[in-house]
Undergrad: 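One structure, pasted below without further comment.
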2 protein chains.
Amino acid sequence: MMNGVTIASKTVGRLSLYRRLLESSIPCGREHVFSHELALLACVTPAQVRRDLMSTGCSGSPGKGYRTKDLIDGISKVLDYPEVQRVALVGVGNLGRAILSYFSGRRPNLRITASFDTDPQKTGRVINGCRCHPMSELTAVLGRESIATAILAVPAARAQETTDLLVASGIHGILNYAPVPLRVPEGVFLEERDMTMSLETVAFFARRAALERK
Amino acid sequence: MMNGVTIASKTVGRLSLYRRLLESSIPCGREHVFSHELALLACVTPAQVRRDLMSTGCSGSPGKGYRTKDLIDGISKVLDYPEVQRVALVGVGNLGRAILSYFSGRRPNLRITASFDTDPQKTGRVINGCRCHPMSELTAVLGRESIATAILAVPAARAQETTDLLVASGIHGILNYAPVPLRVPEGVFLEERDMTMSLETVAFFARRAALERK
DNA sequence: TGAGATTTGTGAACTTCGTCACAGCAATGC
DNA sequence: GCATTGCTGTGACGAAGTTCACAAATCTCA
Ligand SMILES: NC(=O)c1ccc[n+]([C@@H]2O[C@H](COP(=O)([O-])OP(=O)(O)OC[C@H]3O[C@@H](n4cnc5c(N)ncnc54)[C@H](O)[C@@H]3O)[C@@H](O)[C@H]2O)c1
Ligand SMILES: NC(=O)c1ccc[n+]([C@@H]2O[C@H](COP(=O)([O-])OP(=O)(O)OC[C@H]3O[C@@H](n4cnc5c(N)ncnc54)[C@H](O)[C@@H]3O)[C@@H](O)[C@H]2O)c1
């Protein structure tokens with residue numbers, strides 16, 4: 001591992017959450033927070049919070065807790081790149097546009113700066129604040145902007161071929177919303193977010209819980 | 001547990017995936033499939049497939065594999081309710097509408113049949129094939145249609161209060177897209193799908209992978 | 001200054017999830 | 001009919017993730 005330290009993917013996700021909570025939900029002026037306060041906000045156990053924070057090098061003091069500013073800085077030192085980290089979106093359909101509108105101007109350090117589509121109605125324009133390029137420019141744009149992360153929102157039938165192109169163009173992380181498992185080579189981090197799987201899982205357990213209550 | 005058998009939530013998700021793959025990607029006419037074929041499509045190991053299939057009661061035969069039809073039926077018997085299972089969507093904004101358009105007419109057995117919003121511009125109309133009700137009708141509609149599952153896509157600041165209302169109205173499963181951890185009572189199944197967490201996680205590991213390759 | 005109340009940091013236990021590996025068996029070939 | 005092949009079903013193992021539990025540290029207040 002690059003930094004000497006290995007850090008679990010679940011932990012990275014929660015660190016991102018803790019930072020957001022610290023920035024938005026800690027009563028202003030509060031200089032310190034306890035692990036149990038963050039835990040309550042994040043809906044996890046205090047032990048989980050402390051364990052996660054270990055990987056940032058931050059340390060708190062008993063009886064006083066963690067300095068809010070130290071935590072935000074410590075987490076940012078782990079999660080953020082010194083420069084802005086750029087992200088590409090491929091597939092500017094209904095979901096893609098919702099994602100663009102959601103992320104626009106959110107974290108200054110992590111920005112969707114390029115989008116791609118095959119539809120000539122969409123390419124060449126700026127959509128929800130983000131320029132939409134034709135697929136033919138993908139490799140060049142990713143290279144020029146040093147983009148290593150992509151969000152995939154193309155139709156299922158096009159997902160694998162698009163992935164192959166992304167990987168060949170130097171992408172190292174993909175967040176996939178197409179409902180197809182993607183095949184990626186070693187060294188490419190993949191997060192699958194199949195909404196159908198999620199919904200069927202929730203429906204299954206909802207039914208079960210409802211029946212149990214009878 | 002209701003049915004005598006406990007079944008892991010990850011397994012439920014994969015069963016949903018296997019069924020979709022069986023219905024769509026198995027060359028027509030193929031009467032049997034091997035665990036390694038399904039594994040390839042689902043990007044998991046053959047052992048994982050066999051282990052998951054154990055919980056459906058289906059069994060295959062060595063040298064021949066599993067009967068495709070048996071699997072689809074077996075999985076459906078686990079996942080599907082005898083009657084149509086209805087789902088509600090709360091928050092018909094950019095994301096909500098994308099979800100509606102995606103799920104409309106997908107699985108006949110699992111349908112989003114009602115949506116809810118506070119915006120009077122949206123309520124009272126049919127949006128993407130789904131009627132949008134005002135929040136005041138929520139409890140009544142959920143009761144009338146026996147809806148136990150909800151998708152939440154309201155602004156973060158409204159997510160917890162909306163959840164409380166859903167739970168009070170008899171919801172037992174929530175798929176949450178608002179970027180806030182929700183507090184639900186025991187007996188309500190919750191799936192958090194925070195896109196910011198996902199994206200930051202992918203960006204983190206993408207960066208790491210890209211640096212390692214140097 | 002010292003007793004008491006809290007909270008941190010973390011080894012160890014535990015839980016959950018996935019993989020290995022192999023016994024047992026259906027199909028096939030001889 | 002018997003040997004061979006190759007897949008299934010599953011106990012045992014291993015890895016990842018979470019919680020427990022407690023010693024050490026700091027704060028509060030008399
Ligand atoms: N809309 C949702 O809420 C939702 C939910 C779950 C999953 N998904 C999945 O997300 C993906 C996108 O969904 P959507 O609703 O936005 O669909 P959509 O049809 O609205 O958008 C797809 C977009 O991808 C573009 N496209 C098609 N082929 C392409 C290619 N080869 N390269 C680049 N772009 C290409 C199309 O021009 C279109 O703009 C689909 O795989 C869908 O299954 C969407
Ligand atoms: N758009 C995305 O891709 C995206 C991505 C990640 C997360 N999210 C989250 O999903 C949620 C919705 O996002 P969006 O982009 O659709 O936002 P949006 O503003 O477009 O839509 C929100 C909708 O919720 C309705 N609403 C507001 N208060 C409500 C209440 N109390 N009860 C019911 N409905 C209410 C609004 O009228 C609006 O229609 C937000 O929490 C957002 O953070 C969205």
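Throughout, a chain's letter reflects where its sequence line sits, starting with A, and its residues are numbered from 1.
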Undergrad: For the pair made of CD in A:Q48 and C1' in C:dT7, what is the distance, rounded to whole Å?
TA: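 So the CD-C1' distance, A:Q48 to C:dT7, works out to 18 Å.
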
Undergrad: Using the side-chain heavy atoms of B:R50, tell me which of these nucleotides is nearest: C:dA21, D:dT18, C:dT19.
TA: C:dA21

Undergrad: If you only use heavy atoms from C-beta on, which nucleotide in D:dG17, D:dG9, C:dA21 is closest to the side chain of B:Y66?
TA: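 It is D:dG9.
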
Undergrad: Is a donor on one side and an acceptor on the other found under 3.5 Å between the side chain of B:S198 and the backbone of B:D194?
TA: yes

Undergrad: Starting at atom NE2 of A:H32, determine the distance to atom P of D:dT26, rounded to an integer number of angstrom.
TA: 12 Å

Undergrad: Out of D:dA25, C:dC20, D:dG11, which nucleotide sits closest to the side chain of A:P62?
TA: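 The closest nucleotide is D:dA25.
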
Undergrad: What integer distance in Å separates B:K10:NZ from C:dT19:C1'?
TA: 14 Å

Undergrad: How close or far is atom C1' of D:dT5 from atom NE2 of B:H36, stated in whole angstroms?
TA: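 It is 14 Å, rounded to the nearest whole Å.
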
Undergrad: DNA chain D: B:A47 or A:D52, which has the more 5' nearest nucleotide?
TA: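 First, find each residue's nearest nucleotide; the 5'-ward one identifies B:A47.
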
Undergrad: Flag the pair B:E200 and A:R20 as a salt bridge only when some basic side-chain nitrogen lies within less than 4.0 angstrom of an acidic carboxylate oxygen.
TA: no

Undergrad: Can you tell me the distance, in whole Å, between the CZ atom of B:R51 and the P atom of C:dC17?
TA: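 Rounded to whole Å, this separation is 13 Å.
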
Undergrad: Test your reading of the model: is there a side-chain donor-acceptor pair from A:H172 to the backbone of A:G170, 3.5 Å cut-off?
TA: yes

Undergrad: What nucleotide, of C:dT8, D:dC7, D:dG17, holds the atom closest to the side chain of A:A8?
TA: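 Among the listed nucleotides, the one closest to the side chain of A:A8 is D:dG17.
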
Undergrad: Could you tell me the separation between the CG atom of B:L38 and the C1' atom of D:dC7, rounded to a whole number of Å?
TA: 14 Å

Undergrad: How do B:S61 and A:T45 order along DNA chain D: which one's closest nucleotide is nearer the 5' end?
TA: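 Comparing both residues, the 5'-ward one is B:S61.
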
Undergrad: Would you name the heavy atoms of A:R207 and B:D80 that are closest together and state the gap between them?
TA: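 For A:R207 and B:D80, the tightest heavy-atom pair comes out as NH1-C, 3.6 Å.
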
Undergrad: Distance check: side-chain N/O of B:K64 vs OP1/OP2 of C:dA26, anything under 4.0 Å?
TA: no

Undergrad: For the pair made of CD1 in B:I7 and C1' in C:dT16, what is the distance, rounded to whole Å?
TA: 15 Å

Undergrad: Does B:R14 put a side-chain nitrogen or oxygen below 4.0 Å from OP1 or OP2 of C:dC17?
TA: no

Undergrad: Please determine which of B:L138, B:T162, B:V92 meets the side-chain contact (heavy atoms from CB on, under 4.5 Å) test together with B:F116.
TA: B:L138

Undergrad: When you measure from the side-chain N and O atoms of A:S59 to the phosphate of C:dG9, is any distance below 4.0 Å, counting only OP1 and OP2?
TA: yes

Undergrad: How close or far is atom P of C:dA27 from atom CZ of B:R67, stated in whole angstroms?
TA: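 Spelled out: CZ on B:R67 to P on C:dA27 is 13 Å.
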
Undergrad: Touch check for A:S35, heavy atoms < 4.0 angstrom, all strands: base, sugar-phosphate only, or nothing?
TA: sugar-phosphate

